[in-house]
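Shown next, in structure tokens, is the structure this report addresses.
Just so we're on the same page: letters track the sequence lines, and every chain starts at 1.
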Amino acid sequence: MDYSKPSIIEKKWQNLWHSRKLFSASKERKKKFYVLEMFPYPSGNIHMGHLRNYTIGDVIARFFKNNQFNVLHPMGWDSFGMPAENAAVENNLNPQVWTEKNINNMKKQLKSIGLSIDWEREISTCNDKYYKHQQKLFIDLYNAGLVYKKDSYVNWDPVDETVLANEQVIEGKGWRSGAIVEKKKLSQWFLRISKFSKELLNELDKLNQWPDKVRAMQKNWIGVSEGVEIIFNISEKSQKIKVFTTRPETIFGATFIALSVEHEIGSFYDNDSEFTKFKNLCIKDQEKRNSDEKFAFKTGLHVIHPFSKKEIPIFFANYVLMDYGSGAIFGCPAHDRRDYDFALKNNLNIIKVIQDTNSSSLPYCEIKKEDKIINSDFLDNLHPSEAKEKITEVIHKGKTGKKKTDYRLRDWGVSRQRYWGCPIPIIYTEDGKALPVDEKDLPVKLPEDIDFNTSGNPLSSHPTWKSTKCSKTGKRAIRETDTLDTFFDSSWYFLRFCSPVEESIPFKEDDTNYWMPVDHYIGGVEHAILHLLYSRFFSRALKYCNYNVPKEPFKKLVTQGMVCHETFKTADSKWINPNNVFSEKDKKGNINYYTKQNGERTLVFKGRSEKMSKSKKNVVDPDSIISNYGADTARLFMISDSPPERDLEWSIDGIKATYKFLKKIYDHLQKDFLFITELEPTVTSKIKEDETETYNLIQKTIMGYTDDIRDYRFNTAVAKLREMANHALKTKMSKNLSDYCWSIFLRLISVITPHFSDELAAKSGFKEVLINLKWPDLDSSGFDEKIVSIVLQVNGKKKSLVSVPLESSQEDILEIIRKNKNIPSSYYNNSKKIIFVKNRIINFVV
RNA sequence: GCGAGCGUGCUGAAAUUGGUAAACAGACAGGACUUAAAAUCCUGCGGGUGGUAACACCCUUGUGGGUUCAAGUCCCACCGCUCGCACCA
């Protein structure tokens with residue numbers, strides 16, 4: 001069979017691997033290796049991003065398997081979520097049916113890539129065999145005090161009567177109804193992620209195999225600030241106001257107090273229609289967040305400054321957020337941009353307390369070395385940083401406040417008013433008490449007969465599902481109709497893969513002890529915060545509930561870049577599919593692009609390369625590439641063009657060239673070949689002696705390729721392999737050497753092009769599939785007596801190359817140089833100094 | 001505004017700890033084969049100067065400085081691009 005229809009060959013091998021269960025994993029004495037790619041949402045079809053993601057993971061999985069690790073490489077489906085429900089509404093399809101159909105199709109597509117996946121461990125989060133355990137975990141978290149219910153503002157669509165996610169609010173309107181979205185206060189379930197803020201932040205340092213970028217993003221997200229909480233007494237009332245600040249040294253510059261409209265002091269104004277109006281205005285304003293305008297509501301109340309003892313006014317202000325600090329600030333307009341704007345607008349006092357040397361204009365928000373505190377009583381003349389220390393101490397001693405560390409990270413709201421999600425296992429008794437569902441009653445299953453034509457959450461509109469009984473009292477009770485955020489589903493799925501069919505418990509300690517943590521985790525950088533932070537939290541939370549799991553679930557993280565493709569637009573800014581664009585050179589040699597519309601030529605313009613997306617009309621379907629060129633071509637191209645973490649530029653020319661490369665080698669090896677699986681030592685020593693150069697090149701390639709693959713430098717790994725292949729194709733070799741060389745080639749490249757390699761290996765006498773073979777041994781003995789060419793420099797500039805035995809000393813090399821008549825003596829005769837680096841350079845400074 | 005990253009041929013890119021810049025590819029150009037095209041194979045491919053030539057020499061990693069025998073790599077300043085966060089007190 002020739003290589004014109006690779007997909008036929010590929011199908012054959014996929015079936016064979018599958019029937020021999022080559023990828024099924026079980027606990028063994030061998031060292032384990034758990035490689036995982038982020039599991040997909042079953043949207044219907046895989047896209048290029050998936051292809052790239054899973055190819056990267058598969059290369060690593062196969063590489064470690066060849067290197068004698070016990071590899072776990074599972075796959076599953078993140079199968080709850082909105083698109084299924086939208087499909088239900090739009091096309092009148094049952095979400096379950098829609099999802100299953102998509103899973104079947106995508107599974108078929110994934111199989112056609114030839115991934116080394118243990119499909120016996122497949123899980124799907126919308127399956128009650130999965131979410132039954134998830135409900136148990138929820139209850140564990142609940143009992144441990146890590147779950148609570150509180151009122152919170154959500155995006156509310158008043159027409160559809162449903163909560164919308166932020167991304168479903170387009171220009172302030174509901175994406176489906178077009179109604180203006182309101183902020184509505186709803187009672188919602190929360191996970192106490194903030195309990196772990198400090199740990200989650202500090203232990204980022206331990207994740208030394210994560211990209212710095214992701215760690216930095218998480219650090220910013222958790223957002224620590226060290227400061228002081230100061231207590232102010234209200235003159236007119238008995239209440240106190242707590243204020244958090246990171247700049248306590250500016251306390252003497254405080255000229256007002258600003259509160260969030262949600263602050264408890266607001267309860268004094270519940271019956272004040274002006275205040276209600278103002279509050280709504282602020283909430284609207286915070287929805288949009290597109291202006292810096294400052295609004296004020298004067299309370300008429302005052303606080304007493306703890307040091308100057310002067311009265312300062314209290315305001316409500318739109319720019320103070322309730323969920324950071326204590327929802328109250330002291331305004332220091334001289335040294336804070338926002339307070340300054342607010343003070344100007346409301347004609348408030350501005351007191352400068354930091355003297356900067358350049359006497360620049362206010363607000364002055366920096367801290368420079370030369371700065372001094374002024375107008376601040378006992379802090380005068382101190383440097384701001386000294387003043388900060390002193391005032392913190394004074395506040396602490398005087399009991400007017402305390403040192404405090406605040407985090408930006410907020411608790412995780414997990415309630416969704418949706419049908420297609422995991423039901424929250426809670427019931428409400430008649431007196432309104434929330435109780436967890438009894439474990440023996442799990443799973444709380446979703447009802448199948450559901451009507452999507454009602455407004456609001458279909459689950460709560462269901463006629464009977466809600467009503468249940470309390471298992472303890474037997475009295476009537478109502479089920480929670482909120483379902484869980486799908487990020488909850490993905491926060492522990494990697495644990496379930498360790499015990500995928502276990503019925504009684506979520507996962508077995510034996511299994512997780514052996515397989516966890518995930519050694520390499522591969523996915524898109526878009527999950528840098530949410531999914532990865534939630535998973536890190538979840539592991540800690542489970543540990544807190546006495547599950548024996550590691551705190552950090554992912555040892556090494558690899559974030560792959562996007563798959564990009566060229567884009568074209570017409571003069572009136574319509575996107576045009578690159579497939580429909582033709583190019584032409586004009587007389588000046590410029591390239592013009594045009595497309596054909598209604599038989600007429602229309603000029604189009606090349607834009608920059610962008611992430612493949614339907615809206616930009618630049619997507620390429622992996623299925624068509626695989627069926628035309630083969631999975632191996634697609635895999636090799638995906639791997640070899642750019643390093644994994646960088647964006648990949650899709651190019652059909654690249655695909656064609658990759659296919660050509662494989663075909664060339666396929667045809668070459670087809671002609672005349674008989675491989676040897678293992679070289680006899682006598683044969684090895686003979687080719688080593690007779691054909692040293694090629695033999696050593698092969699060894700060098702094994703070494704370089706192995707290191708490169710291990711470190712995810714796939715592009716340079718492939719370059720090294722191509723160098724060896726090009727050399728082999730144009731060099732006359734003995735039969736033994738040629739067999740050896742190509743057998744090494746096939747085995748090395750098999751992690752990238754497994755079908756191609758197995759096909760050729762089988763044809764030439766390999767008895768075993770390559771995945772079951774040991775990675776090729778390296779014979780570096782030949783490197784020892786090698787001649788190296790070192791660089792001869794004069795004043796650091798390269799002049800020529802000199803061949804010398806490896807490890808030659810400076811004296812030996814000088815001797816060689818002097819004898820060489822092609823090297824002018826002017827290079828070294830007047831040298832003042834010689835810099836010598838063994839095996840690298842010799843540099844004469846003249 | 002804060003944080004992070006990046007800038008190398010026409011393009012994707014490569015370059016251990018500072019030590020031969022452009023490996024390996026793509027596009028393009030020329031040639032061979034062919035009636036022709038495709039496929040395949042060969043050659044060239046950062047810029048400049050000198051030479052008929054083989055070749056020699058000089059310049060070149062966003063810009064400008066610096067450290068060093070030696071800088072794509074380290075340091076300082078600037079310009080440009082990308083990403084994340086953002087009224088976070």
Quick one: which of G19(B), U20(B), A13(B) gets closest to the side chain of N715(A)?
A13(B)
As a test of understanding, state which of W650(A), Y659(A), F661(A) forms a side chain to side chain contact (heavy atoms under 4.5 Å, CB included) with F637(A).
W650(A)
For the side chain of P643(A), starting at C-beta, report the closest nucleotide among C24(B), A14(B), C69(B).
A14(B)
P atom, U67(B) versus C28(B): distance in rounded Å?
47 Å
What contact category does R722(A) fall into here, base, sugar-phosphate, or nothing, at under 4.0 angstrom with non-hydrogen atoms?
sugar-phosphate
Should stems be defined as at least three consecutive Watson-Crick or G-U pairs with both distances under 3.5 angstrom, which of them involve RNA chain B?
B:1-7 with B:79-85, B:10-12 with B:24-26, B:28-32 with B:40-44, B:46-50 with B:55-59, B:62-66 with B:74-78
Of the listed nucleotides C69(B), G12(B), G84(B), the one nearest the side chain of N843(A):
C69(B)
Does Q793(A) reach a base, just sugar-phosphate, or nothing at all? Heavy atoms under 4.0 Å.
base
Looking at U17(B), C87(B), A21(B), which one has an atom nearest to any side-chain atom of K798(A)?
A21(B)
Which of these nucleotides, A4(B), U40(B), A89(B), is closest to any side-chain atom of L321(A)?
A89(B)
Can you tell me, in whole Å, how much space there is between the P of U61(B) and that of C10(B)?
14 Å
Would you say the side chains of E610(A) and T567(A) form a donor-acceptor pair under 3.5 Å?
no
Under 4.0 Å, heavy atoms only, any strand: does R646(A) hit a base, just the sugar-phosphate, or nothing?
sugar-phosphate
Taking the six-membered ring for Trp, is the centroid-to-centroid distance between F342(A) and F256(A) below 6.0 Å?
yes
Classify the glycosidic conformation of G50(B) as syn or anti, calling it syn when the angle lies within 90° of 0.
anti
